[in-house]
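Beneath this line is the structure, given in C-alpha cells, with notes to follow.
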Amino acid sequence: MTLHRTTVTKRLFALLASTSLIMTMGACSSANETQSHETDSPSTATATDAGNVVIFTPSDGITISQQTPLSKWEKLVPEIVSSLKDNDVKGANITVKAAPSLDKQSQSVQDYVVNHVNSTSDDADSSDKTTLVVAPVADTTESDRQYGDYVSHAITWNGSSSDEDAQDYAQSAERLVSALQLAQNEGMKVVLVSNTLQGFTPDVYVPMTTAEQIGQLQAKQLVSKLELDKTSSDNPKHIEVLLPYDAANESGSTADATFAQGVFKGIWSVLGPYFKDGKAVSPSGTLTSSSTESDWVSVAFDAAKSERVKSTLAGRLGMDKDTSRHTRIDGIISCNDYVAGYASEELNDLGYTGSAADINPSITISGIVDNITGKKDLKKQSVPDPAQAPESDDGDSDTEASDSLDEQNSQWPIITGYGAYVSSIPNIVNGKQWMTALENRKTLASDIAQTCVQLNTSGKLAKLTFISSVAMEDMKVPTIQEEALAVSASNLKKTLIEPGYISLAEAGL
C-alpha cells in the first residue's frame with residue numbers, strides 16, 4: 001500500500017494518549033507473542049552497571065519456499081544476547097520480544113514502556129539505564145522476503161487515508177512512535193534497527209542493506225568478473241536481469257513496488273552506462289541503450305513459483321520452444337539466491353555447461369575445494385584477455401561453424417544473487433553461482449551490544465569506531481555502519497565457514 005507522512009497533530013495526540021496510560025495501567029504484561037531471556041518482566045538497572053536491554057524484533061518472515069537466507073531474526077537475536085552478556089549485561093536484565101505484525105509489536109512496546117515507567121517511578125535514575133533495541137515490523141511481500149529479514153524498508157503511513165487497512169496500519173505505527181518517544185522522554189534510549197519510522201529520530205540507528213545497495217553490489221560484481229571496462233561494442237557481453245516482483249500483496253491489493261524499483265535502480269546505476277555504450281546487450285531485448293531506471297517493469301516478473309523463474313529465463317533466451325541451439329548469455333543478475341537457484345536449474349536443463357570459474361579465471365574449482373577443506377591456499381592465476389568475437393575458418397563447413405558457435409554460446413554464465421541461502425552455497429563452491437551476499441550479522445550483533453552498554457553506562461559513543469553521524473529526520477544521528485559481506489568461492493571459507501555462519505557439510509563438502 002502507498003503510505004504517506006502523518007500530521008504532527010496526530011503524532012502529538014498519540015504521544016499524549018500513551019503518556020496518559022501511565023496513570024491508568026498497572027504492571028500487566030503484554031499478551032502478544034513474546035520470547036524472553038531469563039525473565040519477561042522489567043528489571044531495574046541497579047543490579048548491574050550495564051543496565052537493562054529490551055529487544056523488540058519481528059517474528060521471522062515466512063516464505064513459501066523451504067529455502068531460507070542466513071539473514072533471519074532467529075539468528076541475529078541470540079548473537080546480540082550473547083554479545084550483551086560478554087559486555088557484562090546480566091541475563092536477568094535482557095528481555096526479548098518478537099511480534100508477527102506492527103500492530104502487535106506496537107502494543108508490546110507500549111505495554112513495556114508504560115509498565116517500566118510505573119515500576120521505576122520511585123527510582124529517578126533507573127530509566128536512564130535502559131535501552132530499547134527495536135526493529136520495526138515492515139509490511140513486506142513474498143518477493144521482498146526472498147532477500148532475508150534484515151533488508152531496510154522505510155515505514156511510512158497516511159493517517160488520513162479512507163482505506164480501513166491503511167487506517168489500522170497508521171494507528172499501529174503512530175502507537176509505536178508514541179511509545180518510543182515516551183521512552184525517550186523518560187530517559188530511556190532507543191536503538192532503531194533496519195527499518196526507519198516516519199517522524200521518529202532514534203538515539204542510534206542500525207541500517208541494514210537497502211534495496212538499491214543490493215542491486216549495486218551484484219552489478220559491480222558482474223562488471224568486475226566480466227571485465228566490462230575492457231569490452232567493446234564490437235563484442236558486447238550478453239546480460240539479463242531477473243527482477244522478482246509481486247504485483248499484489250497477500251490481501252489482493254496492489255503491492256508497493258518501492259523495493260523492486262530500488263533494486264533495479266541500484267543495478268542500472270552501474271550497468272546503465274555499459275548498455276548505453278553498447279558494451280552490454282540484453283538477449284531478450286528487455287533492456288536497451290535507451291533504457292532508464294524507470295524501465296524496471298520490463299525485467300520484473302512474478303517469482304513466487306519456481307517454474308515461473310525457469311520459464312521466464314527460457315523465454316528471455318528464446319529457448320522456451322526450441323532448445324536445439326543455445327543463446328549466448330554471459331551474465332544473469334538474479335537479485336536473490338531464490339531466483340539464482342532456479343535460474344541455475346533451468347540453464348542446466350537447457351544444456352549449458354561449464355562454470356563461472358571458467359570465465360576470466362583467477363581461481364579453479366579444484367583450488368576452491370582444496371582451499372575450503374584446508375588442503376591448500378588458493379593460488380591465483382593470471383586473468384586472460386576477454387574472448388574475442390568468434391570467427392569461423394574459411395575451410396570450415398557451415399555445419400562445423402554453427403556447431404562451434406553453439407558450443408561457445410552454451411558456456412555457463414556469471415550468476416549473481418543475494419541472501420546467502422544455505423541451499424545456494426554448494427552452487428557457489430561448484431561455480432554454478434558466482435556470488436551471493438549477506439549482512440555482517442556477527443559484527444552487527446557485537447556493535448549493537450557495545451552500543452547498548454555505552455548508552456546505559458555513560459551515554460557517550462565517541463570511542464566506538466563503528467559509529468558515524470548520519471542525517472535522519474533533519475537531524476544528525478549516531479549510526480552503526482557495517483557493509484554487507486560479498487561472498488564468492490574465493491573467500492567463502494574466510495567469510496562464511498570460519499566465522500561459523502555455515503558448516504563444511506552445508507557447503508556441500
Side-chain angles (χ1 to χ4, degrees), residues 212 214-245 260 263-301 303 309-310 312-320 326-337 339-344 346-347 350 352 354-360 386-390 405 408-418 431-437 486 488:
E212 187 172 348
I214 288 173
Q216 287 176 336
L217 176 62
Q218 293 181 60
K220 288 178 179 178
Q221 291 283 322
L222 189 71
V223 166
S224 175
K225 182 62 175 173
L226 290 180
E227 296 184 315
L228 286 185
D229 290 324
K230 297 180 181 180
T231 300
S232 72
S233 57
D234 294 330
N235 183 30
K237 298 299 183 183
H238 294 60
I239 298 171
E240 285 294 328
V241 175
L242 299 177
L243 179 66
Y245 167 62
V263 173
F264 185 74
K265 180 180 180 181
I267 293 170
W268 203 243
S269 68
V270 177
L271 285 188
Y274 296 101
F275 273 83
K276 184 176 181 180
D277 293 342
K279 293 182 176 182
V281 295
S282 167
S284 65
T286 52
L287 296 172
T288 68
S289 59
S290 59
S291 295
T292 69
E293 66 181 49
S294 300
D295 294 314
W296 66 274
V297 175
S298 66
V299 295
F301 72 105
V309 178
K310 300 174 74 171
T312 297
L313 178 56
R316 296 277 187 93
L317 297 176
M319 298 179 67
D320 48 341
H326 293 87
T327 299
R328 176 181 171 183
I329 179 70
D330 298 298
I332 300 173
I333 294 183
S334 301
C335 296
N336 61 57
D337 284 5
V339 176
Y342 290 114
S344 296
E346 182 61 16
L347 289 173
L350 292 174
Y352 285 82
S355 77
D358 300 327
I359 303 172
N360 296 332
Q388 299 299 309
L405 179 60
Q408 294 181 53
N409 286 347
S410 64
Q411 164 67 47
W412 197 272
I414 298 298
I415 301 176
T416 70
Y418 184 91
K432 295 304 182 183
Q433 181 175 332
W434 174 244
M435 61 80 59
T436 185
S488 62

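In what follows, residues are counted from 1 in the order of the sequence shown.
The OG atom of Ser282 sits 15.5 Å away from the NZ atom of Lys237 when rounded to the nearest 0.5 Å. To the nearest 0.5 angstrom, Ser284 atom OG is 9.0 Å from Leu242 atom CG. Taken to the nearest 0.5 Å, the CD1 atom of Ile359 stands 6.5 Å off from the CG atom of Leu226. Thr288 OG1 to Lys276 NZ: the interatomic distance, rounded to the nearest 0.5 Å, is 12.0 Å. Here the CD1 atom belonging to Ile267 is positioned 7.0 Å from the OG1 atom belonging to Thr416, to the nearest 0.5 angstrom. Interatomic distance, CG of Leu271 versus CG of Leu222, reported as 6.0 Å (0.5 Å rounding).
Remark: the backbone N or O of Tyr274 is not paired with any side-chain donor or acceptor of Asp277 at under 3.5 angstrom. Although no hydrogens or angles enter the test, the distance criterion places no donor-acceptor pair under 3.5 Å between the side chain of Glu293 and the main chain of Trp268. In this structure a side-chain-to-backbone donor-acceptor pair under 3.5 Å is missing from Asn235 to Ser232. No donor-acceptor pair closer than 3.5 Å links the side chain of Arg316 to the backbone N or O of Thr286. Judged by distance alone, with hydrogens and angles left aside, the side-chain atoms of Ser224 form no donor-acceptor pair with the main-chain N or O of Lys220 at under 3.5 Å. Looking at Ser334, its side chain never comes within 3.5 Å of a backbone N or O of Asn336 through a donor-acceptor pair.
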Next on the checklist: Working note: Ser344 + Trp412, criterion side-chain contact (heavy atoms from CB on, under 4.5 Å); need CA distance, chi angles, decisive distance, verdict.
Outcome noted: CA-CA 9 Å; Ser344 296; Trp412 197 272; 4.1 Å; yes
Checklist entry - Which is it for Ile333 and Glu240 under the side-chain contact (heavy atoms from CB on, under 4.5 Å) test, yes or no, and what are the steps along the way? => result CA-CA 6 Å; Ile333 294 183; Glu240 285 294 328; over 6 Å; no
Checklist entry - When you look at Gln216 and Ser269, which way does the side-chain contact (heavy atoms from CB on, under 4.5 Å) test go after all the steps? => result CA-CA 7 Å; Gln216 287 176 336; Ser269 68; 3.6 Å; yes
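Under the 4.5 Å side-chain criterion, counting only non-hydrogen atoms from C-beta, Leu243 is in contact with Val263. Side-chain contact between Val309 and Glu346 is absent, with no heavy atoms from C-beta onward closer than 4.5 Å. Here the side chains of Gln408 and Arg328 are not in contact, with every heavy-atom distance at 4.5 Å or above. A 4.5 Å side-chain heavy-atom check between Asn409 and Leu405 finds at least one atom pair inside the cut-off. Proximity of Leu347 to Leu317: side-chain heavy atoms (C-beta onward) are separated by under 4.5 Å at one or more points. Counting heavy atoms from C-beta on, the side chains of Leu287 and Ser298 come closer than 4.5 Å. Under the 4.5 Å side-chain criterion, counting only non-hydrogen atoms from C-beta, Trp434 is not in contact with Ile415. Residues Lys279 and Pro236 form no side-chain contact, since every pair of their non-hydrogen atoms from C-beta on lies 4.5 Å or further apart.
Gln433 and Asp337 share a side-chain donor-acceptor pair at under 3.5 Å.
Taking the ring axis of Trp296 as reference, the NZ or CZ atom of Lys265 does not stay both within 45° of it and closer than 6.0 Å to the ring centre.
Using cut-offs of 30° and 60° on the angle between ring planes, the pair His326 and Tyr352 is perpendicular.
Contact record, Ala260 with Pro244: CB-O, 4.2 Å, taken as the closest heavy-atom pair.
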